[in-house]
Every structure is written in structure tokens, then in C-alpha cells.
2 protein chains.
Amino acid sequence: MRVDELDAKIVRLFTEEQRMSVLEASRILKVARATVQARLDRMTANGVIAHWVPQPEPRAFGFPVVAFCFLTINQDLGHDAVSRALAAIPEVIEVHTVSGDSDLMARVAARSNSDLQRVLDIIMATKAVVRSSSVIALNTHFEGRTLPLLEAAARG
Amino acid sequence: MRVDELDAKIVRLFTEEQRMSVLEASRILKVARATVQARLDRMTANGVIAHWVPQPEPRAFGFPVVAFCFLTINQDLGHDAVSRALAAIPEVIEVHTVSGDSDLMARVAARSNSDLQRVLDIIMATKAVVRSSSVIALNTHFEGRTLPLLEAAARG
DNA sequence: GGCCGCCCTGAGCAGAATGCGCAATGAAGG
DNA sequence: CCTTCATTGCGCATTCTGCTCAGGGCGGCC
């Protein structure tokens, strides 16, 4: 979908001030309320706004450790079956099929470095994963920063 | 912060049905409206609910390619300076300092595989990055799936 | 030039939700 | 027993939402 600057401004407003109402946004942007409504509906329908939900932050409730695990899987099962098995583990936040030496990459949260070992053991215990190699995130500078990209897309 | 099952149920409700109002949530959960309000306020104040904003999805507006780039940086500058330089590039969605052979890991979005090359060139042009090695996400099975972890934390 | 579709606009209205305050209740812990 | 804190139910004024409608501006198309 093509987005324009008004779309980006709307998203930015609702991002910066989450108490923003559609009505007030329309006042600030000096457009009709129905316009803001229509833009939001259109972006939601087209998936540009993928979700608008309270995002729990694992760091804030006891899972400060984040690791990226590169997994070599049991090829007999297939990627989808393995990702389903991984989806059953709550500590697994994210799974991609990737290019390169490994088959899958998973983002994993844990209570501590030793707890990470426990989670990795659970992953290996699924029998779906043959080998894993992990990289620990020592410091997260930023994440989920998609707004600048939306604005870049809006400019052309 | 410690979360209980009510907290998790509240987050689940607002995640599954984003048109949910505080009032209706209180009706469904059979608690007072003020309680739901208080829980949401508390979770927001403690960062358990990190953000509650429209999340733009790059795939939906022209950036279907996602890659994870492992960067070796110019040590003279330091991680923070480099991450600031990367923050100026809208295609860079996420940056972590990581353990292992590389210094930083960045999640990068791009319009296509060849466009990814363009973005990598921009990254290298900052002079902050000495070497990069990328892994392309061929298929995203799921991501941002933090709710199960919150529920696990709520159970104990 | 004239027609058409699309989007934005301003307005109105009923219904619903919010923000706020308050006193009472209940459970937990010292 | 007393204190503390979360929860509860209630009410009120204010605000927002969902919905609808007719009108106007604009670009594309024949």
C-alpha cells in the first residue's frame, strides 16, 4: 500500500501520545475527523498498522536476557513443524527461516544467563533441533523503530 | 514487577480485541472498572506494557525484505556512537550489542534483495562499520509474541 | 468540455466510554 | 488488633465514538 505524509503524521501522533483521540488528532492536523478515521481504517485494513495492542516488555517482568539462537533443524520435520514446536515454548518470542548456515533463527527471552541454558535445553528437547548456536544481546540500543521507515516511505 | 493472572488476562483481552474498552473488559473479567484501570496504569508505569501504539509493518508498505546484519565496528568510536549513526538510517529497525564474533547486530528492512545491498552500502558508508555479515529472513513464522511469556510469568 | 469516481469536509446525533472522586469492603501483614 | 493497600460500586460531567449525509474540490477519462 502507498502511504502519504498525512498517514505518517497520523501514526506519529498516535505513537508519541498514546492518549491521543481521533478527534484531537484531527484538530492538531487540521483535517476532518472522518479523514483521520478513514486513514486509520485504511492502514489497518491494509496491514500497514499491523497491531495496536499493549506490547508486554519481557525485560520489565523478569526476563532481562535476550538471545538470538541459530538453529539447525531435523530436516525430516520441515520448517513449519519445527516452528510450531518452538511456538509452544513461551520464551521463544520470534522465529524466522533464514539464509546461511543455519535453518532457523529464534529470539529467546530468559530470566538470566543460566536460565537461558534451561530454555535452550527445552528447545533441544523437542528433538526438532539438531544444533544451536546462540548470540546474546548485551545491550539493546533500540528496537521496533519502524516509524522513521514509514515516514521515509511517505516522502517517496 | 510481578504480574498476576488478572494482569495477563487484561493484556490478552486488549490484544485479541483491540476495540476493547476498559469498561467492557471489566464486564468480561467480572471485576470493577477501576481495577482494570489501575492494573493498566500500574503495568504502564512499570514498563510491563512498553508501548501501546500503532505498529507500522514494513512488509505492508513496500519493505518485504528483512535481514539481520552482524557488524564489526570501528572500535575508536564506541558502540553508542555507532548505534547513533545507525539510528539515522530509517531502514535500520533494531540494534543490539551482542556477544560473539561481531560487535553489533542490526535488523534491517529493505524493498528487495538488491535494495538491501543499497542499505548495506549506506551502513558501510558511515565509516563506523568495518565489516558486515548478513543473514536474510526467508520466512517469518512469528514475531513479537510476548503474550505467552507474560502468561507464563503470571502463573508463577 | 463534460462526466465520473474518489477523497476530504463539516455537521449532527445518540450512545458509550472516560476521568475523577468518594466511601465502604476485604484481605494481608506486622 | 491495627495498618495498609487493592478492590469495589456508585455517580457525575465531559468527551469521544460510530454512523450518516450532502456538498465541494480534484484528477482522470471519453
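A note on names: the letters A, B, ... follow the listed sequences, proteins ahead of strands, and every chain is numbered from 1.
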If you measure from the Lys or Arg side-chain nitrogens to the Asp or Glu carboxylate oxygens, is any gap between [X] and [Y] under 4.0 Å?
X	Y	result
B:Glu17	B:Arg19	no
B:Arg145	B:Glu151	no
B:Asp7	B:Arg2	no

Write down the distance between [atom1] ([X]) and [atom2] ([N]), rounded to a whole number of angstrom.
X	N	atom1	atom2	answer
B:Glu24	C:dA17	CD	P	7 Å
A:Leu40	C:dC8	CG	P	12 Å
A:Met20	C:dG19	CE	P	14 Å
A:Asp41	D:dC19	CG	P	9 Å
A:Arg19	D:dC16	CZ	C1'	14 Å
A:Gln18	C:dT18	CD	P	15 Å
A:Phe14	D:dC16	CZ	P	11 Å
B:Leu29	D:dA6	CG	C1'	16 Å

**Asked** So, does the side chain of A:Arg33 form a donor-acceptor pair with the base of C:dG12 at under 3.5 Å?
**Response**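 Under the 3.5 Å cut-off, the side chain and the base do form a donor-acceptor pair.
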**Asked** Under 4.0 Å: is that the gap between some side-chain N or O of B:Arg27 and OP1 or OP2 of C:dA17?
**Response** yes
**Request:** Would you tell me if any nitrogen or oxygen in the side chain of A:Gln37 comes within less than 4.0 Å of OP1 or OP2 on D:dT17?
**Result:** no
Taking the side chain of [X] as heavy atoms from C-beta outward, which of [options] is closest to it?
X	options	answer
A:Ala34	D:dT8, D:dT17, C:dT9	C:dT9
A:Val31	C:dT18, D:dG9, C:dT9	C:dT9
B:Ser21	C:dT18, D:dT8, D:dT17	C:dT18

**Asked** If you look at every strand shown and take non-hydrogen atoms under 4.0 Å, does B:Arg39 touch a base, only sugar-phosphate, or nothing?
**Response**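 Sugar-phosphate contact only.
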**Message:** Just checking B:Asp121: does its CG atom have more than 12 heavy atoms from other residues, nucleotides or ligands closer to it than 6.0 angstrom?
**Reply:**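 Atom CG in B:Asp121 is packed in, count exceeds 12.
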**Asked** What class does the angle between the rings of B:Trp52 and B:Phe14 fall in, given that below 30° is parallel, 30 to 60° is tilted and above 60° is perpendicular?
**Response** perpendicular
